[in-house]
Amino acid sequence: MDHSAHRTGTAHDQAARQADAGRTGPERDGVTWAAAAKATLHCLTGCAIGEILGMVIGTALMWGNVPTMVLAIALAFLFGYSFTLFAVRRAGLDFRAAVKVALAADTVSIAVMELVDNGIIALVPGALDAHLSDALFWTALLGGFAVAFVITTPVNKWMIGRGKGHAVVHAYH
């Protein structure tokens, strides 16, 4: 059986280049908004769990705003990375390789989400001083997540289209 066409990829590469030549913009990168939204939602889930847990712990322990936000952000990264880490470990990657994939897949997405979300919480008057029982606390937090999702989805779409971010994970699904 001759596999030379697969090794060189010449015929396939030429056909792909010709098909790609007529496309522009988002069509060319082949990434749908649905795929970007799914990647963002995956990342947001881990971030939200970590951030809410951090806010709850910091508030319950009556910490100040800065230590509470630092804990919330640290836990958002931890949980965000953990979701990807567990998924790629299940796919058979060893721990070291799985950590590299998680870092490559999620760092920018989590960073953008945390910047947006915590920026909104910091800018909403009274949100930093609100207690867990206050509607303002939850409104600012959940509103921040919603805005972070809207802003991070195009970032993830752009990154996936260039083979970065969550595109790294897709090889292991």
Side-chain angles (χ1 to χ4, degrees), residues 25-26 29 31-91 98-173:
D29 65 21
V31 181
T32 65
W33 283 104
K38 183 178 177 184
T40 306
L41 188 59
H42 173 265
C43 196
L44 180 63
T45 302
C47 288
I49 291 169
E51 188 154 338
I52 290 170
L53 184 61
M55 293 284 190
V56 168
I57 290 169
T59 302
L61 295 175
M62 292 186 269
W63 289 358
N65 293 334
V66 173
T68 298
M69 285 184 101
V70 168
L71 176 64
I73 292 168
L75 289 176
F77 273 92
L78 178 71
F79 278 86
Y81 287 139
S82 294
F83 277 31
T84 300
L85 184 68
F86 292 135
V88 295
R89 288 280 293 144
R90 250 182 296 150
V99 167
K100 288 179 182 179
V101 167
L103 291 173
D106 293 332
T107 300
V108 172
S109 184
I110 295 171
V112 170
M113 277 188 213
E114 288 304 301
L115 180 68
V116 171
D117 178 44
N118 284 288
I120 288 171
I121 292 169
L123 292 174
V124 170
L128 286 174
D129 297 320
H131 297 279
L132 294 175
S133 59
D134 295 337
L136 179 60
F137 174 87
W138 295 104
T139 303
L141 187 62
L142 297 176
F145 290 150
V147 173
F149 177 82
V150 169
I151 291 174
T152 307
T153 298
V155 172
N156 281 332
K157 185 178 186 314
W158 182 82
M159 289 179 55
I160 294 167
R162 277 132 196 88
K164 310 252 186 249
H166 283 268
V168 177
V169 175
H170 291 284
Y172 304 102
H173 284 286

Q. Is there a side chain to side chain contact (heavy atoms under 4.5 Å, CB included) between L44 and T152 once you walk through the steps?
A. CA-CA 9 Å; L44 180 63; T152 307; over 6 Å; no
Indicate every side-chain donor-acceptor pair of residues 74-88 with a distance under 3.5 Å to a residue at least two apart or in another chain.
residue, atom, partner, partner atom, Å
Y81, OH, T107, OG1, 2.7
S82, OG, L78, O, 2.6
T84, OG1, D106, OD2, 2.5

Q: State, to 0.1 Å, how close K157 and V31 come at their nearest heavy-atom pair, and which atoms those are.
A: NZ-O, 3.0 Å
(Q) Working to the nearest 0.5 angstrom, can you tell me the gap between T40 OG1 and I151 CD1? (A) 11.5 Å
Q | Residue pair V155 / S109, side-chain heavy-atom distance below 4.5 Å | A | no
Q) Which heavy atom in I121 sits nearest to a heavy atom in A140, and how many Å separate them? A) CG1-O, 4.0 Å
Q. With sequence neighbours excluded, what pairs up with D117 under the side-chain hydrogen bond (donor to acceptor under 3.5 Å, both in side chains) test?
A. none
Q.
Could you report the tightest heavy-atom contact between F137 and M55, atom names first, then the distance?
A. CZ-CB, 3.7 Å
Q | Minimum heavy-atom distance M113-C47, with the two atoms named | A | SD-SG, 4.1 Å
Q) Can you check whether H131's main-chain N or O pairs, donor with acceptor, with D134's side chain at less than 3.5 Å? A) yes
Q: Can you measure from CG (L71) to CD (E51) and round to the nearest 0.5 angstrom?
A: 10.0 Å
**Q.** N65 to L128 - nearest heavy-atom pair and separation
**A.** OD1-O, 2.8 Å
Q: Return the set of residues passing side chain to side chain contact (heavy atoms under 4.5 Å, CB included) with A48 (not counting sequence neighbours), or none when no residue passes.
A: F145
Q: State, to 0.1 Å, how close M69 and N118 come at their nearest heavy-atom pair, and which atoms those are.
A: CE-OD1, 3.1 Å
